[in-house]
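Here's the structure, in structure tokens; my notes come after.
Throughout, residue positions are numbered sequentially from 1 according to the sequence presented. Keep in mind that the numbers below use all heavy atoms, side chains included, and drop hydrogens, waters and symmetry copies.
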Amino acid sequence: MTLTFDPATGNLVGGGSLSVPLPSGDTLPLDFSQSVSLPDGTPGWTDKIVGSLNLPASAPAVVPYVLGTTPADNLPSSVFNEKSSMVVYDKLGLPVQLDFFYTKGEQGRWEVTVFNHADASPTSGTFPYGLPGSPPLATTVLEFDALGNLVSNGILDVPVPGGETVRVDMSSTGQIGYEFSPGRADVNGMAPSKISGFEIASDGTVFMKYGDGSLDPAYRIALANVQSPDRLRPETGNVYSQSADSGVIVTGFPENGAFGNIRSRTLENSNVDIANELTSMIESQRNYTANSKVFQTASDLLDVLVNLKR
């Protein structure tokens, strides 16, 4: 059988079902319809970035009004004030580095332009990205008031190559008399990682734990109950099965109705009453001692009788 995947998304587009003949004459069906072609583990592509920066108020303006030879023109002579980069992830969980350029214009306006770092010039490491004059991934103009507060919306939609359109939220950005400083930056995507373990919640949900610490729900454990648990049939291995007297099996999930909950990685307390067991042990010891004294006395009497006969 051959499995065919979409190279852009990793989704299965061909194959997926296979029948294996068994020696008994039966056929075992195998279902691969949920397979995907990913680098490893599970991907989490990026569709949102939350970032804040300080754009220095003392930076020289690129005249006229952020419309000169700026990064938006994508020419070798493009001029900019500041640059930062951020790694996001495409649909396959592969990293994509985005280069952000900030260019100051007049009247508190800044041009923000985004390029794919993979398209950067091999000689300069920046411009031109791809062919000279080709458009950037996205561009916008941020406008600040006299107090350095952002008065435009600060939202920029960036189409990630091979991925989703990322919404960049720069609404916390300001412009004060301080050096350029990227602040908080949150990306909701992640790189693929291997499964490093699992965790079970109290409601029975089994989470796969990946190397980056993220949890992915994979299964939910069901519970069963009967009307007369004390009439279940004991089986080998400290397990029980339904009997004719135990009643009908009712299934459900933890934390629903009377099914209780699940405590993962918890040892059950002993149901033995230590005081009663210790008392019973002392009584057994005393009874054994008393019985041994009886046998000893009987043996001594027999010795006396034998000696009298002699």
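Q242 and R233 make their closest contact through O-NH1, 3.0 Å (heavy atoms, listed as atom of the first residue, atom of the second, distance). Closest of all the heavy-atom pairs between P229 and N225 is CG-OD1, 4.3 Å. The minimum heavy-atom distance between A72 and P136, with the atom names listed, is O-CD, 3.9 Å.
Side-chain atoms of V87 and P95, non-hydrogen and from C-beta on, do get closer than 4.5 Å to each other. Contact check for L142 versus L150: side-chain heavy atoms found under the 4.5 Å cut-off. Counting heavy atoms from C-beta outward, M86 and F100 have side chains that approach closer than 4.5 Å. Counting heavy atoms from C-beta on, the side chains of V114 and F101 never come closer than 4.5 Å. Between T103 and P71 there is a side-chain heavy-atom pair separated by less than 4.5 Å. When side chains are defined from C-beta on, E255 counts as touching S202, because their heavy atoms get closer than 4.5 Å. Counting only heavy atoms from C-beta outward, the side chains of V79 and T70 never approach each other to under 4.5 Å. Side-chain contact between M170 and V168: present, with at least one pair of heavy atoms (C-beta onward) separated by less than 4.5 Å.
Residue-environment remark: CD1 (I282) exceeds the threshold of 12 foreign heavy atoms within 6.0 Å. The local environment of CG in L131 is sparse, with at most 12 non-hydrogen atoms from other residues, nucleotides or ligands closer than 6.0 Å.
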Start with the C-alpha distance between L215 and M208, add both sets of side-chain angles, then the distance that settles side-chain contact (heavy atoms from CB on, under 4.5 Å), and finish with yes or no. CA-CA 6 Å; L215 298 176; M208 297 295 103; over 6 Å; no
Go through R263 and I200 one step at a time and tell me if the side-chain contact (heavy atoms from CB on, under 4.5 Å) criterion holds. CA-CA 8 Å; R263 294 183 180 272; I200 302 177; over 6 Å; no
Does the side chain to side chain donor-acceptor pair (under 3.5 Å) test come out yes or no for D230 and S228, once each step is laid out? CA-CA 5 Å; D230 56 335; S228 301; 4.6 Å; no
Quick one, S243 with R231, criterion side chain to side chain donor-acceptor pair (under 3.5 Å). Give me CA distance, side-chain angles, the key distance, then yes/no. CA-CA 7 Å; S243 68; R231 295 186 179 181; over 6 Å; no
Tell me, with the steps shown, if V226 and V248 meet side-chain contact (heavy atoms from CB on, under 4.5 Å). CA-CA 6 Å; V226 293; V248 179; over 6 Å; no
List the steps and the verdict of side-chain contact (heavy atoms from CB on, under 4.5 Å) for T279 and M281. CA-CA 5 Å; T279 302; M281 182 186 69; over 6 Å; no
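Linking ILVMFWY residues whenever their side-chain heavy atoms come closer than 4.5 Å, directly or via other members, leaves I155 and V112 in distinct clusters. In the hydrophobic cluster analysis, where Ile, Leu, Val, Met, Phe, Trp and Tyr join through side-chain heavy atoms closer than 4.5 angstrom, I249 is grouped together with L232. V151 and W110 are not part of a single hydrophobic cluster, where members link through side-chain heavy atoms under 4.5 Å apart. Both Y219 and F198 are part of a single hydrophobic cluster, where members link through side-chain heavy atoms under 4.5 Å apart. One hydrophobic cluster holds both V206 and I195 under the rule that ILVMFWY side chains link at heavy-atom gaps under 4.5 Å.
To the nearest 0.5 angstrom, E143 atom CD is 8.0 Å from Q107 atom CD. Separation of atoms OG (S196) and NZ (K209) is listed at 6.0 Å; rounding is to 0.5 Å. Put simply, OG on S246 and OH on Y240 are 12.5 Å apart, with the number rounded to the nearest 0.5 Å. Within the model, atoms CG of D157 and CD of E164 stand 12.0 Å from one another, a figure rounded to the nearest 0.5 Å.
Remark: side-chain polar atoms of D73 are not paired, donor with acceptor, to backbone N or O of L75 under 3.5 angstrom. Remark: the backbone N or O of N287 is paired with a side-chain donor or acceptor of N291 at under 3.5 angstrom. T205 places no side-chain N or O within 3.5 Å of a backbone atom of P217 that could act as its donor or acceptor partner. A side-chain donor-acceptor contact under 3.5 Å links T266 to the backbone of S264.
Note: F115 and F127 meet the aromatic proximity criterion, with ring centroids under 6.0 Å apart. Aromatic rings of F180 and Y102 (six-membered ring for Trp) have centroids within the 6.0 Å cut-off, being under it.
Cation-pi check for R220 over F207 is not met; the charged atom does not lie both under 6.0 angstrom from the ring centroid and within 45 degrees of its normal.
Side-chain contact of E111 with T139: a donor-acceptor pair under 3.5 Å is absent, judged by distance alone.
Partner of Y129 under the side-chain hydrogen bond (donor to acceptor under 3.5 Å, both in side chains) criterion, chosen from D119, N74, D99: D99. Checking N116, V160, T113 one by one against L137, the side-chain contact (heavy atoms from CB on, under 4.5 Å) holds for a single residue, N116.
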